[in-house]
Asker: 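I am attaching a structure below and will ask some questions about it afterwards.
In this text, all values refer to a predicted model and were calculated from it rather than measured experimentally.
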Amino acid sequence: MNSTIAELNKRFKAALVAAFGAELADVDPMLVASSNPKFGDVQANVAMSLTKRLGLAPRAIAEQLIQQLDLSPYCESPTVAGPGFINLRLTREYLEAQLQQMHQDERLAVPLAKQPQRTIVDFSSPNIAKEMHVGHLRSTIIGDSIARILEFLGHDVLRLNHVGDWGTQFGMLITHLRESYPDALTTANALALGDLTTFYKQAKQRFDTDEDFQVRSRQEVVALQSGNADTLKAWQLLCDQSRLAFQEIYDLLDVRIQERGESFYNPLLSSVVEDLAQAELLVEDQGAKVVFLEGFTNKEGKPLPLIIQKTGGGYNYATTDLAAIRYRTQQDQAERVIYITDAGQANHFAQVFQVAARAGWIPAHVELEHVPFGVVQGEDGKKFKTRSGETVRLKDLLEEAIARAYADLDARLIAENRSEPEEFKTQVATAVGIGAVKYADLSQNRTSNYIFSYDKMLALQGNTAPYMLYAYVRVQGISRKGSIDFANLGADRAILVQDEMERTLAVALLQFDEVLNTVAVDLYPNRLCQYLFELSQTFNQFYDRCPVLQAEEPLRTSRLMLCDLTARTLKQGLTLLGISTVERM
RNA sequence: GCUCCAGUAGCUCAGCCGGAUAGAGCAACUGCCUUCUAAGCAGUCGGUCGCAGGUUCGAGUCCUGCCUGGGGCGCCA
């Protein structure tokens with residue numbers, strides 16, 4: 001449909017010039033999808049906007065404009081309505097031809113980007129020696145979906161996990177490891193850090209209460225930074241153990257990501273300081289090396305500094321992030337760098353981006369984007385915690401969702417007198433449970449806070465994963481019932497758009513590429529969710545009103561093709577959200 | 001004190017460069033299973049878009065001020 005809008009745009013521009021003269025060549029016809037189906041498929045809002053410029057009534061402008069409009073073969077004759085809207089309705093022949101094209105194309109007629117961009121999506125980013133928790137949920141889910149969408153559109157995407165694998169906290173972790181698990185350093189696989197959270201807490205507690213421990217920890221930090229072999233080994237061990245735990249979660253979520261943690265940038269930090277000094281941005285202030293920011297002020301109204309090197313020579317996260325920006329633009333040759341973090345870091349990124357820009361590390365064609373999201377809240381509206389007030393472990397959260405989906409399914413099977421093998425139940429419960437968690441998150445505008453509710457996300461009706469999975473299953477039900485092989489319906493068979501219901505479904509299907517392109521620009525996956533939900537609803541209406549298997553040929557095959565197109569679009573869309581489909585449920 | 005984000009139906013949320021009577025879902029109520037899975041469909045009820053100004057032919061959307069909630073604000077990430 002994108003190409004359709006583009007073509008209609010050209011026709012409108014030509015008509016504007018023909019009707020009102022060449023000076024209107026640059027006017028945007030303001031074509032958008034119709035606000036209401038009764039107004040057709042597309043509407044042009046340009047007439048109202050020209051009232052002043054042309055000194056004419058908007059309706060008169062619209063009337064004159066449509067006299068010059070040639071919209072064949074796309075649209076039927078345009079009509080003018082209300083204060084001057086121009087309403088367009090796509091022709092049946094055109095819709096049928098477009099659907100045919102979509103049906104024959106593996107990619108559902110979604111074109112590859114004309115200018116593929118080297119894109120980095122920086123997401124998830126848990127901390128070594130800590131368990132992944134609910135705070136990592138949104139970044140991981142949203143980041144993965146954005147990466148999937150950009151990849152599908154043909155961009156060259158590098159998914160990076162900027163894990164917290166460096167810094168002062170490793171002093172206490174390594175010291176605790178050495179003292180409490182001495183075998184781990186000498187014996188292979190002696191360490192079973194079953195519960196990283198407990199390990200971290202123990203270390204933290206000793207650090208907070210034992211002064212000698214603190215001293216030894218600080219020494220370990222120095223040892224780590226100076227590359228002491230023994231210390232590095234302990235560090236490596238902690239990282240490896242954490243990776244195993246992370247990977248379990250990523251496998252469950254079906255998320256691919258490449259690790260490039262903070263330690264990766266460690267050797268580059270000193271040159272960041274040098275570069276900033278060279279660029280004459282670096283200032284010594286109260287013992288630290290800082291860059292004073294433009295547009296950020298402290299409580300006294302004076303420019304706020306960004307600390308690059310702490311008193312005593314240490315670096316902090318701003319330094320690492322600056323090193324990462326420089327590396328990504330210079331070594332990775334990234335053209336677009338997308339950071340998926342909570343909204344609380346908005347200031348930090350604005351500051352770091354500013355310094356990077358002033359240092360000259362961001363070429364004109366490169367864009368850095370912070371993609372913020374709101375916090376996950378419990379049903380009481382407060383920060384999401386367990387009943388005992390602890391942070392919710394991601395693993396527990398996901399397992400709970402699967403368990404609940406399983407219980408729902410089981411109860412339903414019993415109620416319907418169905419019997420299914422264990423493998424089936426587990427598979428469906430996993431798809432539904434994980435899908436529900438992901439969909440609930442993605443379907444909301446990411447900038448707002450999000451209230452986590454198992455009951456709502458697993459609800460069988462409404463804008464949920466189960467509803468959409470069910471719509472998909474319904475199509476597969478038709479193919480089973482009629483022993484239809486969707487892959488071999490025959491490329492020569494025609495798709496007919498006769499019934500108004502078929503037409504509505506056709507128009508919805510053809511909007512898929514448009515939606516994906518919008519999401520690729522704005523990075524709001526909830527638009528894709530909204531689209532898939534509406535497509536599911538439209539399909540369910542079609543399913544309700546238009547018999548498929550009982551229809552006479554050639555209508556039967558035509559409707560089967562519409563079903564197949566719907567299923568493929570749903571499946572592709574859900575895949576781009578990171579949600580897997582099932583054939584039966 | 002400064003700053004960022006949010007405030008839309010009883011609840012959870014959409015609303016894409018400003019465009020037609022502000023849309024869903026849930027909840028409540030009413031219908032529809034001899035017909036492809038009713039995890040569905042059709043319908044009813046429900047809104048001073050936080051408040052007050054302003055810009056505009058037109059404002060939920062843009063601007064200003066205020067109120068409420070959440071986050072951030074020099075050596076944590």
Side-chain angles (χ1 to χ4, degrees), chain A residues 28 30 32-36 38-39 43 45 48-49 51-52 57-58 81-85 87 125 127 162 164 167-169 262 285-290 295-301 304-312 314-318 320-321 341-348 350 372 374-375 377 379 381 383 408-409 412 416 418 432 440 443-445 447-451 453 455-456 459-464 466-467 469-471 473-475 477-482 484 515 518-519 521-522 524 526-527 529-530 533-534 537 540-541 543-545 547-550 563 584-585:
Chain A
D28 178 0
M30 302 175 80
V32 291
S34 289
S35 55
N36 187 319
K38 74 182 178 194
F39 299 134
Q43 66 182 59
N45 300 332
M48 280 88 72
S49 71
T51 322
K52 242 181 198 166
F85 296 100
N87 291 332
S125 308
N127 291 314
H162 192 81
T168 47
Q169 77 273 22
E262 292 171 350
D285 187 64
Q286 296 174 30
K289 290 181 178 163
V290 309
F296 293 90
T297 52
N298 64 13
K299 288 169 191 170
E300 287 86 49
L304 197 70
L306 184 70
I307 294 174
I308 306 297
Q309 190 165 21
K310 301 190 277 193
T311 307
Y315 303 105
N316 61 15
Y317 73 131
T320 307
D321 279 344
T341 81
D342 65 280
Q345 296 191 50
N347 274 335
H348 166 68
V375 300
Q377 298 172 316
E379 295 191 67
K383 205 168 173 191
D408 277 1
L409 177 67
R412 190 178 167 76
E416 291 182 0
R418 283 169 63 189
V432 170
S443 61
Q444 246 179 70
N445 184 317
T447 53
S448 44
N449 292 343
Y450 148 57
I451 295 183
S453 161
D455 289 337
K456 284 192 175 150
L460 306 174
Q461 50 280 108
N463 189 3
T464 64
Y467 176 91
L469 292 174
Y470 180 64
V473 162
R474 281 185 130 179
V475 182
I478 292 175
S479 88
R480 275 193 301 278
K481 182 91 175 185
I484 306 296
V515 171
T518 308
V519 177
V521 173
D522 297 339
Y524 283 102
N526 65 302
R527 302 239 167 90
C529 294
Q530 188 69 28
F533 177 56
E534 282 165 12
Q537 280 184 313
N540 276 328
Q541 291 163 1
Y543 184 92
D544 195 50
R545 294 173 209 175
V548 177
L549 293 172
Q550 292 94 326
C563 287
R584 284 192 312 126
M585 63 196 285

Asker: Take atom C1' in B:U8 and the same atom in B:G25, then report the distance between them in whole Å.
Answerer: 15 Å

Asker: Under 3.5 Å, is there any donor-acceptor pair linking the side chain of A:Arg412 to the base of B:A39?
Answerer: yes

Asker: Whether A:Gln461 contacts B:A39 is assessed here as follows: a side-chain N or O lying under 4.0 Å from the phosphate OP1 or OP2. Is that the case?
Answerer: no

Asker: Distance criterion of 3.5 Å, no angle test: do you see the side chain of A:Asn87 paired donor-to-acceptor with the base of B:A20?
Answerer: yes

Asker: Of all heavy-atom pairs between A:Gly164 and A:Gln169, which one has the smallest distance, and what is that distance?
Answerer: O-NE2, 4.4 Å

Asker: So does A:Lys310 get a side-chain nitrogen or oxygen closer than 4.0 Å to the phosphate oxygens (OP1/OP2) of B:C76?
Answerer: yes

Asker: Respond yes when some side-chain nitrogen or oxygen of A:Asn127 is under 4.0 Å from OP1 or OP2 of B:A77, and no when none is.
Answerer: no

Asker: Quick one: does A:Gln444 reach the base of B:A14 with a side-chain donor-acceptor pair under 3.5 Å?
Answerer: no

Asker: Does B:G40 have its OP1 or OP2 closer than 4.0 Å to a side-chain nitrogen or oxygen of A:Gln541?
Answerer: no

Asker: Taking atom types as modelled, is there a side-chain donor on A:Gln537 or A:Gln541 under 3.5 Å from an acceptor on the other?
Answerer: no

Asker: Hey, is the side chain of A:Arg545 poking within less than 4.0 Å of OP1 or OP2 on B:C41, counting only N and O atoms?
Answerer: no

Asker: Between the protein and nucleotides 72-74 of chain B, list the N/O to N/O atom pairs that are separated by less than 3.5 angstrom.
Answerer:
none

Asker: Kindly write out the residues that satisfy ring-ring contact (aromatic ring centres under 6.0 Å, His included) with A:Tyr450, not counting sequence neighbours, or none if the list is empty.
Answerer: none

Asker: Any side-chain donor-acceptor pair under 3.5 Å between A:Ser453 and A:Asp455?
Answerer: no

